[in-house]
Student: 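Let me begin by handing over the structure; questions about it come next.
Given the structure is predicted, the values throughout are model-derived calculations rather than measurements. To find a chain, count down the sequence lines: A is the first, B the second, and so on, and within it residues start at 1.
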Number of protein chains: 2
Amino acid sequence: MPEDKLLCDLGDLFKVFGDTTRIRILYSLLETELCVCAIAELLCMTQSAISHQLRVLKNAKLVGNRREGKTIVYFLADDHVRSIIAQGYEHLTEEK
Amino acid sequence: MPEDKLLCDLGDLFKVFGDTTRIRILYSLLETELCVCAIAELLCMTQSAISHQLRVLKNAKLVGNRREGKTIVYFLADDHVRSIIAQGYEHLTEEK
DNA sequence: CTTTCATATGAATGTATATTCATATGATAT
DNA sequence: ATATCATATGAATATACATTCATATGAAAG
């Protein structure tokens with residue numbers, strides 16, 4: 001099946017969303033872009049843990065980054081991230 | 001934070017999508033409803049493995065089921081499943 | 001009621017992965 | 001150039017979880 005690769009990639013993509021820390025990072029970035037240390041403070045986690053997860057998010061192309069003076073600023077890569085989170089939110093809240 | 005619970009639930013929801021077997025099951029059910037043994041055959045996996053994963057999908061309210069004679073037929077619970085898969089698909093294919 | 005067939009379940013195992021700790025990298029500013 | 005600050009990385013550990021195997025459940029048909 002040629003579709004098998006796609007389905008595997010889809011699973012891998014959602015796996016990235018499927019972690020509380022990464023979801024919290026993405027959620028933080030919904031409003032504004034943030035540097036690594038700001039995210040770490042906001043989520044009360046170590047810089048290392050955040051950095052590791054940011055790499056996962058970057059590999060999945062869910063976030064991008066750029067240097068800003070001394071710090072490195074992360075931001076959401078595109079609107080699919082927002083859409084996917086929004087759909088998930090709806091599924092959770094629209095339970096009858 | 002009251003949002004923390006929600007973000008945790010969101011992560012848990014996406015975790016369900018974040019497995020190749022479960023994505024393949026959901027994908028199979030996009031077109032038509034299927035009984036457990038049909039899914040197992042289709043995906044070339046054991047009945048037990050499929051049954052375990054169907055339980056996860058059911059708990060997340062992504063699928064529903066009903067008895068149909070001797071077999072138990074599973075189907076997608078609602079359109080959020082389709083939307084979420086569609087958004088993920090777009091993210092994967094719209095890479096520049 | 002009993003047998004049979006489809007499905008569900010439980011325990012066990014192997015594998016994936018999130019976090020920590022220590023340290024490396026690398027740009028900036030002095 | 002060097003010191004410093006922010007970030008990245010690697011190895012190690014602990015935990016989560018997918019599959020397997022054996023077996024239980026439970027409806028349906030005879």
Student: Does D/dA18 have OP1 or OP2 under 4.0 Å away from a side-chain N or O of B/R22?
Tutor: yes
Student: Closest to the B/T21 side chain: D/dA18, D/dT9, D/dT20?
Tutor: D/dA18
Student: Quick one: is A/R55 getting a side-chain N or O under 4.0 Å of the D/dT9 phosphate, OP1 or OP2?
Tutor: yes
Student: Round to a whole Å and report the spacing from CG of B/L43 to C1' of D/dT19.
Tutor: 14 Å
Student: What is the nucleic acid contact for B/S51, judged by heavy atoms within less than 4.0 Å: base, sugar-phosphate only, or nothing?
Tutor: base
Student: Counting any heavy atom closer than 4.0 Å, what does B/K15 reach on the DNA or RNA strands: base, sugar-phosphate only, or nothing?
Tutor: sugar-phosphate
Student: Is the A/F14 ring parallel, tilted or perpendicular to the B/F17 ring (thresholds 30°, 60°)?
Tutor: tilted
Student: How long is the line joining CG of A/N65 and C1' of C/dG26, in whole Å?
Tutor: 14 Å
Student: Quick one, B/K61 and B/D78 - any side-chain contact, counting heavy atoms below 4.5 Å?
Tutor: no
Student: Rounded to the Å, how far apart are A/E68 CD and D/dC5 C1'?
Tutor: 16 Å
Student: Grab the CG-P distance between B/L57 and D/dA18 for me, whole Å please.
Tutor: 10 Å
Student: Starting at atom CG of B/D19, determine the distance to atom C1' of C/dA16, rounded to an integer number of angstrom.
Tutor: 11 Å
Student: For A/I50 and D/dT7, what is the distance between atoms CD1 and C1' respectively, to the nearest whole Å?
Tutor: 12 Å
Student: OP1 or OP2 of D/dA6 less than 4.0 angstrom from a side-chain nitrogen or oxygen of A/Y74, does that happen here?
Tutor: no
Student: Evaluate the side-chain proximity of B/I84 to B/Q87: yes if any heavy-atom separation is below 4.5 Å, no if none is.
Tutor: no
Student: When the distance from CZ of A/R66 to P of D/dA8 is rounded to whole Å, what number comes out?
Tutor: 14 Å
Student: Between C1' on C/dT7 and CD1 on B/I39, what's the gap in Å once rounded to a whole number?
Tutor: 12 Å
Student: Would you check if B/H52 stacks with the base of C/dT9, given a 5.5 Å centroid limit and a 30° plane limit, both strict?
Tutor: yes
Student: Mind checking whether B/D4 and A/R24 have side chains closer than 4.5 Å, heavy atoms only?
Tutor: yes
Student: Starting from the 5' end of DNA chain C, give me the residue, A/Q53 or B/Q47, whose nearest nucleotide shows up first.
Tutor: B/Q47
Student: Nearest nucleotide by nearest heavy atom, which residue falls closer to the 5' end of DNA chain C, B/I72 or A/G69?
Tutor: B/I72
Student: Which part of the nucleic acid, if any, lies within reach of A/S48 when heavy atoms closer than 4.0 Å are counted: base, sugar-phosphate only, or nothing?
Tutor: base
Student: Can you tell if the side chain of B/I39 reaches within under 4.5 Å of the side chain of B/L29, non-hydrogen atoms only?
Tutor: yes
